[in-house]
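Comments concern the structure below.
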Amino acid sequence: MATVIDPVCGMRIEADDAAAIAEQEGQTYYFCSEACRDIFVSAPSAHGAPGLADTDADHLTEQEVAERARIGIERLRELVELRLLVPEDGAFRRRDVMRARVFVELEAKGLDSPTLASAHASGHLTLGYLESAGRRHPRTDRTFAQFSENTGVPIDTLQNMYVTLGLPRPREDEYVREDDEPILMALPVLFGAGVGEGDVLRAVRILGDSARRVAQFQAHYFHNTVEEPFRRRGLRDNEAFEAAINEVGLRMGHSTEEMLSWLYRRHAEIFSTEHQFEHVETALEEAGVRQRSPRGIEAAAFADLSGYTRLTEEAGDDEAARVSLSLAQLVNEVAAEHHGDVVKMLGDGVHFHFRDPGDAVRASLEIVDTVGPRGLPPAHVGVNAGPMIYDEGDYFGRTVNIAARIAAQASANRVFVGEDLVRGVEPEGFQVREVGQFDLKGIAQPVTLYEALRD
């Protein structure tokens, strides 16, 4: 069956699964929902189709709906009697195929059709947003077992990759989705180059976790932020959801997907260029024309906000969310200015990595000085220098552990640094003074700590 792309939202669908279509100058456009079709018809030129589009070819017979929805005629007529499907002059809309499928799925979850019909009749259950939920995903003509046999990639490896990505484990007799196949074809290339299964799964775990978090946040953000203004208008929950989809979600198209792709390209440019330059240095060193500069000690820093828990209890979750967002903006600015990286946000804190320990101290002092003017609680920071292990987007090792313990010793508005940093760094723009010896959790011997101050 032909695969088509909704010109409004970018969704890949099978032609027969389109909830709506429009024709313009001999070309047919397919849509995952009538809402997408309506947006297209209102401004076809914005989606690459000049002129007005005709929507009259959007009707199906009773038999066609039953066949495409894979339900019997009698079952279809029951949905009509319940007014969950409403034909016009005996003809159905293409969207009715999608809705019929959804009703069958909801019944399998224990939601019977009469109950759904009652909620729909009262106006509490709207159906527009369900039109895309009944789509089938276009499939290739190969099962996973056949794909495994053709490519030489063990079926267990294929299944493990999906599980590692956070997706359902595919069955051997399940047909591979069309949009999955190009991704799966990268596996035999990697294995052919000698990359082990463990290394492949390690990479896809990072990708899967990152994508899952973005997708999960998007749904959460849409419900709590985008839908909320519509609920404040007095709309019921389903009405607000459908209005938010039609007026915001669909009109933004596939901007989130495009933004992710754009962000990846931008970040990849930075790290790829750095990686290329490292290979140039290696080539010059191997040619004997230039010795590579020895890589100095690096630094880990942990910054935390003092009194964040009390703030959450007294001011509420909304204020806590504002503080977290402001902190994230601030630390990314400081990291960029001082040649560091934000490794990860930790709710009311942040983990930094710096190649130059001096930059780490200067950045930490700036954070302590800047949180107040930004409307944030006081900050305290711990910094340590030494060797670290990088893996899967994070830094590990004794240096990192001690930096976190040092941060726990620092009080509000203070930057504490470890003795390893003081021994190996010439202060520039700051000075240090000894605070004393501390027993740090998990560290066998007492550690001498110093406070960093503006020079």
Side-chain angles (χ1 to χ4, degrees), residues 1-6 9-19 21 28 30-33 60 63-72 75-76 94 97-109 130-212 214-216 254 257 260-261:
M1 193 175 297
T3 300
V4 294
I5 298 177
D6 187 319
C9 70
M11 183 180 293
R12 293 169 60 89
I13 53 179
E14 292 184 353
D16 280 354
D17 274 3
I21 63 173
T28 302
Y30 299 85
F31 307 92
C32 70
S33 66
L60 299 174
Q63 186 65 37
E64 288 174 322
V65 173
E67 289 177 356
R68 294 187 185 185
R70 295 183 180 176
I71 62 175
R75 184 72 185 90
L76 177 62
R94 294 177 67 97
V97 175
M98 303 296 108
R99 292 186 178 185
R101 288 180 184 167
V102 171
F103 295 140
V104 172
E105 291 181 11
L106 291 174
E107 282 190 335
K109 296 179 181 293
L130 292 174
E131 292 172 14
S132 63
R135 69 186 184 279
R136 299 190 188 115
H137 301 287
R139 304 276 175 169
T140 66
D141 58 358
R142 288 195 291 179
T143 65
F144 278 90
Q146 291 169 331
F147 183 91
S148 171
E149 183 178 354
N150 294 342
T151 61
V153 179
I155 184 65
D156 288 345
T157 299
L158 291 174
Q159 293 172 324
N160 288 339
M161 191 192 80
Y162 276 81
V163 173
T164 304
L165 285 168
L167 300 173
R169 179 188 293 271
R171 303 185 312 275
E172 293 188 29
D173 61 350
E174 182 178 339
Y175 284 91
V176 178
R177 283 174 50 162
E178 283 189 2
D179 52 347
D180 290 10
E181 187 174 37
I183 306 303
L184 297 179
M185 288 305 300
L187 294 177
V189 176
L190 288 171
F191 293 145
V195 180
E197 178 180 341
D199 289 327
V200 171
L201 294 180
R202 185 163 61 104
V204 300
R205 182 170 65 251
I206 296 296
L207 296 172
D209 184 60
S210 300
R212 177 192 58 78
V214 171
Q216 184 180 36
H254 37 109
E257 184 177 342
L260 284 173
S261 178

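- With contacts defined as side-chain heavy-atom distances shorter than 4.5 Å, the pair Ile71/Phe103 does not qualify.
- Closest approach of Ala145 to Ile155, counting heavy atoms only: N-CD1, 4.1 Å.
- More than 12 heavy-atom neighbours from other residues, nucleotides or ligands sit within 6.0 angstrom of CD on Glu174.
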Step by step, would you call Arg68 with Leu60 a side chain to side chain contact (heavy atoms under 4.5 Å, CB included)?
CA-CA 10 Å; Arg68 294 187 185 185; Leu60 299 174; 3.9 Å; yes
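- Looking at Glu14 and Arg139, no side-chain N of the basic residue comes within less than 4.0 Å of a carboxylate O on the acidic one, giving no salt bridge.
- Atom CD in Gln63 sits 9.5 Å away from atom CG in Leu76 (nearest 0.5 Å).
- Atoms CZ and CG, from Arg169 and Asp156 in turn, are 7.5 Å apart once rounded to the nearest 0.5 Å.
- Looking at Ser210, its side chain does come within 3.5 Å of a backbone N or O of Ile206 through a donor-acceptor pair.
- Shortest non-hydrogen contact noted between Tyr30 and Ala15 is CD2-O, 3.7 Å.
- Considering only heavy atoms from C-beta on, Val153 stays 4.5 Å or farther from Met161 through its side chain.
- Remark: the Thr140 side chain and the Glu181 side chain contain no N/O donor-acceptor pair separated by less than 3.5 Å.
- A 6.0 Å sphere centred on CD of Glu107 holds more than 12 heavy atoms belonging to other residues, nucleotides or ligands.
- Across Leu158, Val204, Thr151, Val195, a single residue satisfies side chain to side chain contact (heavy atoms under 4.5 Å, CB included) together with Leu187, and that is Leu158.
- Between Asp179 and Arg177, the shortest heavy-atom distance links the atoms OD2-NH2, 2.9 Å.
- The one candidate from Arg101, Arg70, Arg94 that meets the salt bridge (charged side-chain N to carboxylate O under 4.0 Å, His left out) condition with Asp17 is Arg101.
- Nearest heavy-atom pair across Cys32 and Ala19 is O-CB, 3.2 Å.
- By the 4.5 Å heavy-atom criterion applied to side chains, Arg205 and Leu165 are not counted as neighbours.
- Nearest heavy atom pair, residue Val97 against residue Val65, reads CG2-CA, 4.1 Å.
- The 12-atom threshold is not exceeded at OH of Tyr175, counting heavy atoms of other residues, nucleotides or ligands nearer than 6.0 Å.
- Atoms OG1 and CD, from Thr164 and Gln159 in turn, are 11.5 Å apart once rounded to the nearest 0.5 Å.
- Expressed to the nearest 0.5 Å, how far CE of Met185 lies from CG of Asp180 amounts to 13.0 Å.
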